[in-house]
Amino acid sequence: MTVRLIDIASWVDATIEGDESVEITGLAKIEEAQTGYLSFIANPKYQKFIETTNASAVLVGKDFPSSSKTLLRTSDPYFSFLQIARRFYQQAPQVEKGIHPTAIIGEGTRIGADVAIGAYVVIGKNCEIGEGTVIFPLCFVGDRVRIGGDCLIYAHTSIREDCRIGDRCILHMGAVVGADGFGFAFQNGRFHKLPQMGIVVLENDVEIGANTSIDRATMGETIIREGVKLDNLIQVAHNVEIDQHTAIAAQAGISGSTKIGKYVQIGGQAGFAGHLQVADRAKIGAQAGVTKSVPAGEFVTGYPARPFRVEMRELASLARLPEMVKQMRELEKRVIELEHQIEELNARKTEK
Amino acid sequence: MTVRLIDIASWVDATIEGDESVEITGLAKIEEAQTGYLSFIANPKYQKFIETTNASAVLVGKDFPSSSKTLLRTSDPYFSFLQIARRFYQQAPQVEKGIHPTAIIGEGTRIGADVAIGAYVVIGKNCEIGEGTVIFPLCFVGDRVRIGGDCLIYAHTSIREDCRIGDRCILHMGAVVGADGFGFAFQNGRFHKLPQMGIVVLENDVEIGANTSIDRATMGETIIREGVKLDNLIQVAHNVEIDQHTAIAAQAGISGSTKIGKYVQIGGQAGFAGHLQVADRAKIGAQAGVTKSVPAGEFVTGYPARPFRVEMRELASLARLPEMVKQMRELEKRVIELEHQIEELNARKTEK
Amino acid sequence: MTVRLIDIASWVDATIEGDESVEITGLAKIEEAQTGYLSFIANPKYQKFIETTNASAVLVGKDFPSSSKTLLRTSDPYFSFLQIARRFYQQAPQVEKGIHPTAIIGEGTRIGADVAIGAYVVIGKNCEIGEGTVIFPLCFVGDRVRIGGDCLIYAHTSIREDCRIGDRCILHMGAVVGADGFGFAFQNGRFHKLPQMGIVVLENDVEIGANTSIDRATMGETIIREGVKLDNLIQVAHNVEIDQHTAIAAQAGISGSTKIGKYVQIGGQAGFAGHLQVADRAKIGAQAGVTKSVPAGEFVTGYPARPFRVEMRELASLARLPEMVKQMRELEKRVIELEHQIEELNARKTEK
């Protein structure tokens, strides 16, 4: 794929300094860029690469020194590079516009303009698929599902009946939305399944990682609010709510009915008991085992999760503990010696 | 979908008090029910909702006070509601009865009556699929697999060759049954794959969560016995046995050849070393790291897993440890002071 | 399936002692083998089974005593059995040679000789699939992917655009290769996606477990080097490198840009912070939380991960801690008693 540098410059309001006729075929880091590539320098420590890079053009800041290379100047070259990259790679669609002849679309399903629905996609009845949404091959969408516009649904994603997905959501390969919550009544020596009658709602701009699974509510909704980003292999149980702009790293697990606030950051492999409240802007360390609600802005770590500074102090003490065991034994000997001496002093006194 | 209230009443032997002509279009919690819905009140604290709910009928106990609402009375309204819900939602099949023309069925495979096999399902040779089983679109079933009756196999499930699945099993989206166990011989500086020649057996009434993976045995069988319930994203390694009516929460992992007893409860993200025995009715805390066999009925938690009361005591001591470090330093000072004074007393004595 | 014993003997240069006309229909452990089966005895403690087994032939060592059973002798009967098993089960292909008529292959894709590509496989444009590779039904392969020869790609595997896979790799069901790395810039109160422009490279002889996910690099490559074995449900983040012949157990998670050396062994559910170096032949315990780089050959365990012997000492001290709290209280009492007595002694002295 080839895009003219003057077109790229117009995407981010950049000024070109040098050869305006350059054509760009790829993007890369300054030290890895090849001929035909656009790169960027945002950090002064990479400035030295300007003379040796093979890049055909380099995005730089307003005050970057002039160079024999063709430069693109913007006020924030890193952010501009990201904007360009997003647009550049969007120009290389993986799924062709339109509906692949092998896709199976149920009765009553309405499909917006400008979609791309790939081979062997199966979509149920009475669904809605918004304008510009791309669905990769081999996805499954159950009956009455609503998917917004400009979504990107990668291969092998499954979305079960009645779930709702907002605009500009991205679901990665193997993501599962709307499987049954894990609910049983135990009676007469065996488990009886509790019907899982609710749904999953993903609001706008949500991203769901590969093989991540979000269970439908028992009744009502499991909700992932606007701008939430979930990494791979995460478990979100029934009736969980995750509020706006929270980010969760891979393999974390959130038990039933727990509510996570806005702008929360959760580390990888962290786990949450059910029915907790994690307030806004809390930070949860990787592998933390959260057994109690977490106040706003608190940073908790470890198992069971406690405030970071408390855990650090405890771990530091624990590291000193083997030494302390010795010290205590030593101290006890000294006390015994003292007791012995006092006894002797007292004995002499009595003798007198 | 619409079901007459008198039909619903007959499903659970309920008596109707009020308008027998009501038609039900959905089920919901008492505070969320809309017109046309059936709801229930099992807990007295929800009794107050009877006057304000929009539900068109409410399931209540035998001694619930009369009301202007239409009531359905049974002896256990919660359990009755669950039974109704299971049946109500079964009336809304997602996959049409019969075999979808795009499903590919291998030679020699026998399919029972009344099945529903969805689009783009691929089933191998010489399989058996029992009566009434539903297989959602895009599933893969390898050669010689036997699946019992009335199973529910959701989209994107994979079952490899020779595995056996009982009656009334539920496999959620992305579940994997019968992948190779993780076995290698290390020789001459590299791993050599050990062929995984065994199978996986799921007995009756087993439920397997989304993206959960159960490896086939190296030789023999990995067995999940009757009534076991596995949540999402669980790893069950080769040659594991899980005995009847055990429930395992999401993201737990069980290493090779470990045997889990009956009625065991395992928390989320718990991990088990290989070749252990976890006896009947043991309870394993979330995130526990089980490194030794667990006796019957024992409740173990933490890493490494130990009896809950022991862990609680240790964690309580650990929380006091930073304070204790100070106390010990304090105590040492007092001992030094004592030693000093004793020395002085002894010195005076000698002087005399 | 039936293979003549003399053919099997020729695979591993074994000598036959007994009935050369035997035909083998299966392989099993000595205590589970049935008539028509080949088994093996490598460990002297299983020698007693030679008289009672139903196996029709048994692989044994050079010095194993003669028997009325038909024996196959080699110098390493266990290793020979593995070689036989691998070949025996390869004779039972699950996917027929050739390209299934429902497989969709993009323009410009080149397919080697002797492949088997199953039903409803979707392969993008300009890919290369090497000689002898088997792709099970319902797999997705994006544009420009290169897959080497003799690979085994099980059902429901997804490989996104531009990734490269070596020879003899095995990808289990639900494996995901090349999903976007988890990278965002936080600006103006929301996350902005960082385009993930890199790829994933799997070198030769790599095995990837079921539902394991390997993210593509932000720029450059996420690399899994020759002979690496990954179990199920593992997370490998963007820009990770895993060097030759490292083995990682199920549900482990490796954060972005971390580098794992050669011959490293990683236990199940272990987690790694980003940007670490784990040097060659390190061993990481199950559930360890690795927060710092690990030197060559070191064995680390626990959270936060520390050398095994240090952790053992700390855990032993921790187990003694509740007792120690009591001892300290006891010791303090004795010190108070001493202080009291000294005070008394001093008082008497003053009196004098």
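The figures that follow rest on heavy atoms only: side chains count, while hydrogens, waters and symmetry mates do not. Nothing here was measured: the structure is a model prediction, and the numbers come from that model. A, B, ... follow the sequence lines: proteins, then strands. Residue 1 opens every chain.
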Trainee: Taking all non-hydrogen atoms of both residues into account, name the closest pair between A:Phe191 and B:Lys229 and its distance.
Mentor: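 Minimum heavy-atom contact is CB-CE, 3.7 Å.
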Trainee: Could you tell me whether a side-chain N or O of B:Gln287 sits under 3.5 Å from a main-chain N or O of A:Val290, the two making a donor and an acceptor?
Mentor: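 The answer is no, because no donor-acceptor pair under 3.5 Å joins these two groups.
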Trainee: Under 4.5 Å heavy-atom distance to chain A, tell me which part of B:Glu207 shows up: side chain, backbone, both or neither.
Mentor: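 The answer is the side chain of B:Glu207.
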Trainee: If you count heavy-atom pairs under 4.5 Å with chain B, which of A:Arg313, A:His156, A:Met328 comes out on top?
Mentor: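 If we count pairs closer than 4.5 Å to chain B, A:His156 comes out on top.
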Trainee: Assess whether side chain to side chain contact (heavy atoms under 4.5 Å, CB included) is satisfied between A:Phe182 and B:Ile248, documenting all intermediate values.
Mentor: CA-CA 10 Å; A:Phe182 195 64; B:Ile248 305 186; 5.9 Å; no
Trainee: Apply side chain to side chain contact (heavy atoms under 4.5 Å, CB included) to B:Tyr303 and A:Tyr303, showing your working.
Mentor: CA-CA 9 Å; B:Tyr303 170 84; A:Tyr303 170 83; over 6 Å; no
Trainee: Quick one: what part of B:His172 sits under 4.5 Å from any heavy atom of chain A, side chain, backbone, both or neither?
Mentor: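 Just its side chain gets close to chain A.
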Trainee: With a 4.5 angstrom heavy-atom cut-off, could you sort out which part of B:Gln341 is near chain A: side chain, backbone, both or neither?
Mentor: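 Interface part for B:Gln341: neither.
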Trainee: Taking B:Ala249, B:Gly118, B:Gly209, B:Ala155 one by one, which has the highest count of heavy-atom pairs under 4.5 Å against chain A?
Mentor: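 With the most close heavy-atom pairs to chain A, the winner is B:Ala155.
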Trainee: Between B:Gln269 and A:Phe272 (side chain of the first, backbone of the second, donor and acceptor by atom type, cut-off under 3.5 Å), is there such a pair?
Mentor: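 Checking the backbone N and O of A:Phe272 against the side chain of B:Gln269, no donor-acceptor pair under 3.5 Å is found.
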Trainee: Using non-hydrogen atoms only, which part of A:Ala217 is less than 4.5 Å away from chain B: side chain, backbone, both, or neither?
Mentor: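 Neither; nothing under 4.5 Å.
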Trainee: Kindly check if the number of other-residue, nucleotide or ligand heavy atoms within 6.0 Å of CZ (B:Phe49) is above 12?
Mentor: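 Atom CZ in B:Phe49 is packed in, count exceeds 12.
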Trainee: Under a 4.5 Å heavy-atom cutoff, which of A:Thr218, A:Val176, A:Val335 has the most pairs with chain B?
Mentor: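 The answer is A:Val176.
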Trainee: Count the heavy atoms belonging to other residues, nucleotides or ligands that lie under 6.0 Å from CD of A:Glu343, then report whether that count exceeds 12.
Mentor: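 Counting other residues, nucleotides and ligands, CD of A:Glu343 stays at 12 neighbours or fewer.
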Trainee: Determine whether a donor-acceptor pair (N or O, by modelled atom type, separation under 3.5 Å) exists between the side chain of B:Glu332 and the backbone of A:Leu331.
Mentor: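 No; zero donor-acceptor contacts below 3.5 Å.
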Trainee: Answer whether the closest heavy-atom distance between the side chains of A:Val122 and B:His100 falls below 4.5 Å.
Mentor: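 Answer no - side chains too far apart.
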Trainee: Just so I understand: if I count every heavy-atom pair under 4.5 Å between each of B:Thr102, B:Thr301, B:Val228, B:Ile336 and chain A, which residue has the most?
Mentor: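 Counting heavy-atom pairs under 4.5 Å, the top option is B:Ile336.
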Trainee: Using non-hydrogen atoms and a 4.5 Å limit, figure out which bit of B:Asp231 sits close to chain A: side chain, backbone, both or neither.
Mentor: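 Contact with chain A is through both the backbone and side chain of B:Asp231.
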Trainee: Name the region of A:Val177, side chain, backbone, both or neither, that has any atom closer than 4.5 Å to a heavy atom of chain B.
Mentor: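 Interface part for A:Val177: backbone (N, CA, C, O).
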Trainee: Based on non-hydrogen pairs under 4.5 Å, which of A:Gly198, A:Ala288, A:Ala316, A:Gly142 is most in contact with chain B?
Mentor: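 Of A:Gly198, A:Ala288, A:Ala316, A:Gly142, A:Ala288 has the most heavy-atom pairs under 4.5 Å with chain B.
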Trainee: Using a cut-off of under 4.5 Å on heavy-atom pairs, state which of B:Gly227, B:Pro137, B:Gly26 scores highest against chain A.
Mentor: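 The answer is B:Pro137.
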Trainee: Give, as side chain, backbone, both or neither, the part of B:Leu230 having an atom under 4.5 angstrom from any heavy atom of chain A.
Mentor: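 Interface part for B:Leu230: backbone (N, CA, C, O).
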Trainee: Could you tell me which portion of B:Leu321 (side chain, backbone, both or neither) has an atom closer than 4.5 angstrom to a non-hydrogen atom of chain A?
Mentor: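 It is both, since atoms from each part get that close.
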Trainee: Between A:Ala179 and chain B, which part of the residue has a heavy atom less than 4.5 Å away: side chain, backbone, both or neither?
Mentor: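 Backbone plus side chain of A:Ala179, per the 4.5 Å heavy-atom cut-off to chain B.
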Trainee: Please identify, among A:Glu337, A:Arg320, A:Glu314, A:Met219, the residue contributing the most non-hydrogen atom pairs under 4.5 Å to chain B.
Mentor: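 Ranked by heavy-atom pairs under 4.5 Å with chain B, first place is A:Glu314.
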Trainee: Rounded to the nearest 0.5 Å, how far apart are CG of A:Leu194 and CZ of B:Phe81?
Mentor: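 These two atoms lie 10.5 Å from each other.
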Trainee: Non-hydrogen atoms of chain A under 4.5 Å away: do they reach the side chain of B:Leu138, the backbone, both or neither?
Mentor: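 B:Leu138 touches chain A through side-chain heavy atoms alone.
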Trainee: Report which part of B:Gln244 has an atom under 4.5 Å of a heavy atom belonging to chain A: side chain, backbone, both, or neither.
Mentor: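 Interface part for B:Gln244: neither.
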Trainee: Ignoring hydrogens and geometry, is there a side-chain-to-backbone donor-acceptor pair from B:Asn211 to A:Asn211 under 3.5 Å?
Mentor: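 Between the backbone of A:Asn211 and the side chain of B:Asn211 there is a qualifying donor-acceptor contact (under 3.5 Å).
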Trainee: Heavy-atom distance under 4.5 Å to chain A: side chain of B:Glu339, backbone, both or neither?
Mentor: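 B:Glu339 touches chain A through backbone and side-chain heavy atoms alike.
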Trainee: Highest number of heavy-atom pairs under 4.5 Å with chain B: which of A:Ser213, A:Ser255, A:Pro304?
Mentor: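 The answer is A:Ser213.
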Trainee: So A:Phe184 and B:Leu82, do their side chains get closer than 4.5 Å, heavy atoms only?
Mentor: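 SC-SC contact between B:Leu82 and A:Phe184 ruled out.
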Trainee: With rounding to the nearest 0.5 angstrom, report the CG to CZ distance, B:Leu315 to A:Arg306.
Mentor: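 So the gap between those two atoms works out to 7.0 Å.
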Trainee: How long is the gap from CZ on B:Phe79 to NE2 on A:His192, to the nearest 0.5 Å?
Mentor: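 So the CZ of B:Phe79 and the NE2 of A:His192 are separated by 5.0 Å.
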Trainee: For the residue pair B:Glu226 and A:Arg190, establish whether any side-chain heavy-atom pair is separated by less than 4.5 Å.
Mentor: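 Of all side-chain heavy-atom pairs linking A:Arg190 with B:Glu226, at least one is under 4.5 Å.
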Trainee: So which residue, A:Gly271, A:Ala273, A:Gly124, ends up with the most heavy-atom pairs under 4.5 Å with chain B?
Mentor: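 Of A:Gly271, A:Ala273, A:Gly124, A:Gly271 has the most heavy-atom pairs under 4.5 Å with chain B.
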Trainee: Please check: side-chain N/O of B:Tyr263 versus main-chain N/O of A:Gly189, any donor-acceptor pairing under 3.5 Å?
Mentor: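 It does hold such a pair.
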Trainee: Which pair of non-hydrogen atoms, one from A:Ala252 and one from B:Gln251, has the smallest distance, and what is that distance?
Mentor: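 A:Ala252 and B:Gln251 have their closest heavy atoms at O-NE2, 3.1 Å.
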Trainee: Quick check on B:Ile234 against chain A: is it the side chain, the backbone, both or neither that has a heavy atom closer than 4.5 Å?
Mentor: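 Interface part for B:Ile234: neither.
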